[in-house]
Every structure is written in C-alpha cells, then in structure tokens.
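See below for the structure under consideration.
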There are 2 protein chains.
Amino acid sequence: MFDQIIETLHQRGFRMTPQRLLVLQILQDAGRHLTPQEIFGQTQRILPAMTEATVYRTLSFLTEQGFILAAHIGNGQLVYEIAGHNHHHLICRACGATQQIDHQFLESLYQQFRSKTGYQIDSLHVTFFGLCPDCQKN
Amino acid sequence: MFDQIIETLHQRGFRMTPQRLLVLQILQDAGRHLTPQEIFGQTQRILPAMTEATVYRTLSFLTEQGFILAAHIGNGQLVYEIAGHNHHHLICRACGATQQIDHQFLESLYQQFRSKTGYQIDSLHVTFFGLCPDCQKN
DNA sequence: CCTGCTATTGCAAGTAGTTACAATAATGAA
DNA sequence: TTCATTATTGTAACTACTTGCAATAGCAGG
Ligand SMILES: [Mn+2]
Ligand SMILES: [Mn+2]
Ligand SMILES: [Zn+2]
Ligand SMILES: [Zn+2]
C-alpha cells in the first residue's frame, strides 16, 4: 500500500516502522484533517503500546518528509492529513465554514515571490481566514 | 499613546487594563516578533503579579481585536507583533532566513478568492515556507 | 539466516498553553 | 465622588506537546 513511501524512506536513510505505517493508514482511511489526539485515540486501539510522544514525533517526521500535510486551522491546534492533491483552505472566522482552493491559484503568486526575492516557496497547504458569504451579511 | 485602541475597545464593550497596556507597550517597543514566553519575561519585571495565563489570554484577545498580529513561524510556536504595516513572510525551511512581502502582492489573489468563492479574506500576516536562494544551491 | 549499526521507540519528566471559578477592578451612571 | 455592573484577572488544575536517555528493533551487509 505504501511501497513508494517505504522506498523513499530507505533511500533517505530512514526506516519504516509499524507506528509510522499505522499513522499513515489512519490518515489515509480518514481522508480528512485529524488532530494528533484523534490519531492517538485510533492508534491506542491497534497498537496500545504506542505512546503520545511517538504520535507527535511521527506526525512531525512524516510532515518533514512530505508524506502528510499539516495545517493551523484557527483554534491553535494543528491538524494533519495524507498528502495527495495539492490544495489550500479558506476558513470563516465567524462560523468555521471551510472552502478548498486548488494550488493552481497560488502558482503565479509563488512565481512572483521567486522573481522578487529568489525564494522557492513550497507551502502546499496554506490556510486563509476571513468571512464566508453568509457571515458577511450579519 | 494607545488612545485610539482604548476608544475602540470601549466602543466594543471591552476594557483597557494595565496588563493589556503593558503587552501593547512591550510589542510596540520591541518592533519585532516576540513569543509569549519572551513577553511574559518582560511583564514580570514591570507587573510581577501578572500571570502567564493572562499573557496568553491577552495575546489572543488583542489578536482577535486586530491590534496585534500572530504568526506561525515553523517551529510550532506562535509569535506576535504590533499591527501596523500589512505584510507577510517568506521563511527558509533550511536556514530560517526570513523575507517580508508587502500585502499588496496578495491582493489580487484575495480578489480571486472573493469572485470564486464569495469569501472575503482578511489574513494580513501569512507565512510561506520554502528555500532561500543560498539554500537552493546546496 | 545472522549480526552489528544506529534510527526509532517508550518512558518519564519537563515545558507550553488552556480553562473553570471566585475575587478583583474598570467603567458608566447616579 | 460613590456605587453597581460585569469584564477581566489570578489561582490552580488540567490538557497539549516536547525532550533526554536507555532499551528496542529495522535493515544493510555478510
Ligand atoms: Mn487540507
Ligand atoms: Mn510579521
Ligand atoms: Zn461563516
Ligand atoms: Zn536558507
């Protein structure tokens, strides 16, 4: 299932473990943003020996390696999801409604950053806040 | 010094307090991003009775009210600064070098969001990650 | 298969940030 | 000025997240 990820890990000198595989599986199955606590809740049922510290370390690691995506969604807590389709989010400050935005919309911006500063931006999961159409009326 | 902020607070039914004034003063004097812990370090010297809980609550409050700006700068920790000129940041994942970007660069993007989804975006302090020119060579 | 190297984990203690609740104090009205 | 209202604070307990260290276990190589 995650053969490509395992191979990439090995090429980079890292190892695949049951813990990492489980976190990937959980995020894959969920198909949505999950908090570290939600993920820990799931791991406990399947690998009871796995600790919270390992969940956090695994999430940081998989994010660094680019296999999963992290996002700050307002309440301060980080959420994670499996990497796959490149997208960003619009979140309403008032009601929390979210809207996905394809990465394509940011590409010319990133290109501008590049020509202006030389920075090669690779933020593939940015969150923008504002007001949704409904909440603008109130 | 913060007369305008005090008046706005009162109009919205909130109060000015020595604690809030001190946090504003600290951020004003610093003129850069500060962590909650750095701010607490400063408040202790001037208002020793002020607690960490109040620092965190004050920072959240002032951010909600739009008087200060928050930013996630990679290490997971939030940093704050006084609101004033609208800008965003590019941060190098490898060496941490940062670059400011004027908000003007994002305006047409926000306008696109508006026509496409109806969302009125007001994120005035976005952080983008990538590689700076130097780190791209290595 | 074994074996050795060392990346990764569990553990336990530490730091960071949040929250319920009762006491305090900023404000507006008398 | 004085008083009443209630937003805000301090306290203390709680939850979230991090880290140093010794034990464990992937996996590359023989
Ligand atoms: Mn997402
Ligand atoms: Mn800034
Ligand atoms: Zn809304
Ligand atoms: Zn760099």
Side-chain angles (χ1 to χ4, degrees), chain A residues 2-26 33-65 67-68 70-80, chain B residues 2-24 26 33-44 46-65 67-68 70-80:
Chain A
F2 296 106
D3 300 342
Q4 178 54 57
I5 289 179
I6 293 172
E7 190 181 330
T8 304
L9 274 188
H10 289 174
Q11 282 170 1
R12 297 178 186 170
F14 301 112
R15 299 171 183 176
M16 182 47 76
T17 65
Q19 293 89 343
R20 287 175 178 173
L21 217 41
L22 178 55
V23 168
L24 285 168
Q25 193 65 61
I26 288 169
H33 296 165
L34 293 179
T35 65
Q37 296 301 319
E38 287 175 312
I39 293 164
F40 180 57
Q42 302 247 8
T43 62
Q44 278 187 301
R45 292 200 252 123
I46 299 171
L47 283 185
M50 186 171 174
T51 61
E52 266 181 297
T54 298
V55 171
Y56 284 106
R57 276 187 297 220
T58 300
L59 290 170
S60 299
F61 174 80
L62 294 175
T63 302
E64 274 168 26
Q65 299 301 316
F67 303 130
I68 66 178
H72 292 279
I73 57 163
N75 49 28
Q77 243 189 103
L78 267 181
V79 293
Y80 295 86
Chain B
F2 295 107
D3 301 341
Q4 178 54 58
I5 289 180
I6 294 173
E7 189 181 329
T8 305
L9 274 189
H10 289 175
Q11 282 171 0
R12 296 178 186 170
F14 300 112
R15 299 171 183 176
M16 182 48 75
T17 66
Q19 293 89 342
R20 287 175 179 172
L21 216 41
L22 178 55
V23 168
L24 286 168
I26 288 169
H33 296 166
L34 294 179
T35 65
Q37 296 301 320
E38 287 175 313
I39 293 165
F40 179 56
Q42 302 246 7
T43 62
Q44 278 188 301
I46 300 171
L47 282 185
M50 185 171 173
T51 61
E52 266 181 296
T54 299
V55 171
Y56 285 108
R57 276 186 297 219
T58 300
L59 290 170
S60 299
F61 174 79
L62 294 175
T63 302
E64 274 168 26
Q65 298 302 314
F67 304 130
I68 67 178
H72 292 279
I73 57 163
N75 48 30
Q77 243 190 115
L78 266 182
V79 294
Y80 294 87

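Residue numbers begin at 1 in each chain, while the letters A, B, ... track the order of the sequences.
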Note to self: Without decimals, in angstroms, what is the distance between B/E64 CD and C/dT18 P?
What the structure shows: 12 Å
Notebook entry, point to check: How close do A/A70 and A/T63 get, heavy atom to heavy atom, and via which atoms?
Noted result: CB-CG2, 4.2 Å
Check: How are the rings of B/H72 and A/H72 set to each other: parallel, tilted or perpendicular (split at 30° and 60°)?
Finding: parallel
Margin query: Tell me the interatomic distance from B/Q44, atom CD, to D/dG10, atom C1', rounded to whole angstroms.
Written below: 14 Å
Item checked: Integer-rounded Å distance: C/dT15 P and B/F40 CZ -> 14 Å
Note to self: Show the nearest heavy-atom pair for residues B/H10 and B/M16, with the distance to one decimal.
What the structure shows: NE2-N, 4.1 Å
Checklist line | Under 4.0 Å protein heavy-atom contact, by nucleotide of nucleotides 13-20 of chain D - B base, S sugar-phosphate only | finding: ---SSBBB
Notebook entry, point to check: Under a 4.0 Å heavy-atom cut-off, which of residues 3-20 of chain B touch DNA chain D?
Noted result: B/G13, B/F14, B/R15, B/T17, B/Q19, B/R20
Notebook entry, point to check: Is there a donor in the side chain of B/T54 and an acceptor in the side chain of B/T51, or the other way round, less than 3.5 Å apart?
Noted result: yes
Item checked: Gap separating the OG1 atom of A/T58 from the CE atom of A/M50, nearest 0.5 angstrom -> 4.5 Å
Note to self: Is it true that A/T8 and A/Q4 share a donor-acceptor pair across their side chains at a distance under 3.5 Å?
What the structure shows: yes
Check: Under 6.0 Å between ring centres, would you say that holds for A/F2 and A/F67?
Finding: no
Checklist line | Closest non-hydrogen atom pair, A/I39 against A/I26 | finding: O-CD1, 4.1 Å
Next item on the list: In whole angstrom, give the distance that lies between atom CE of B/M50 and atom P of D/dT8.
Entry: 13 Å
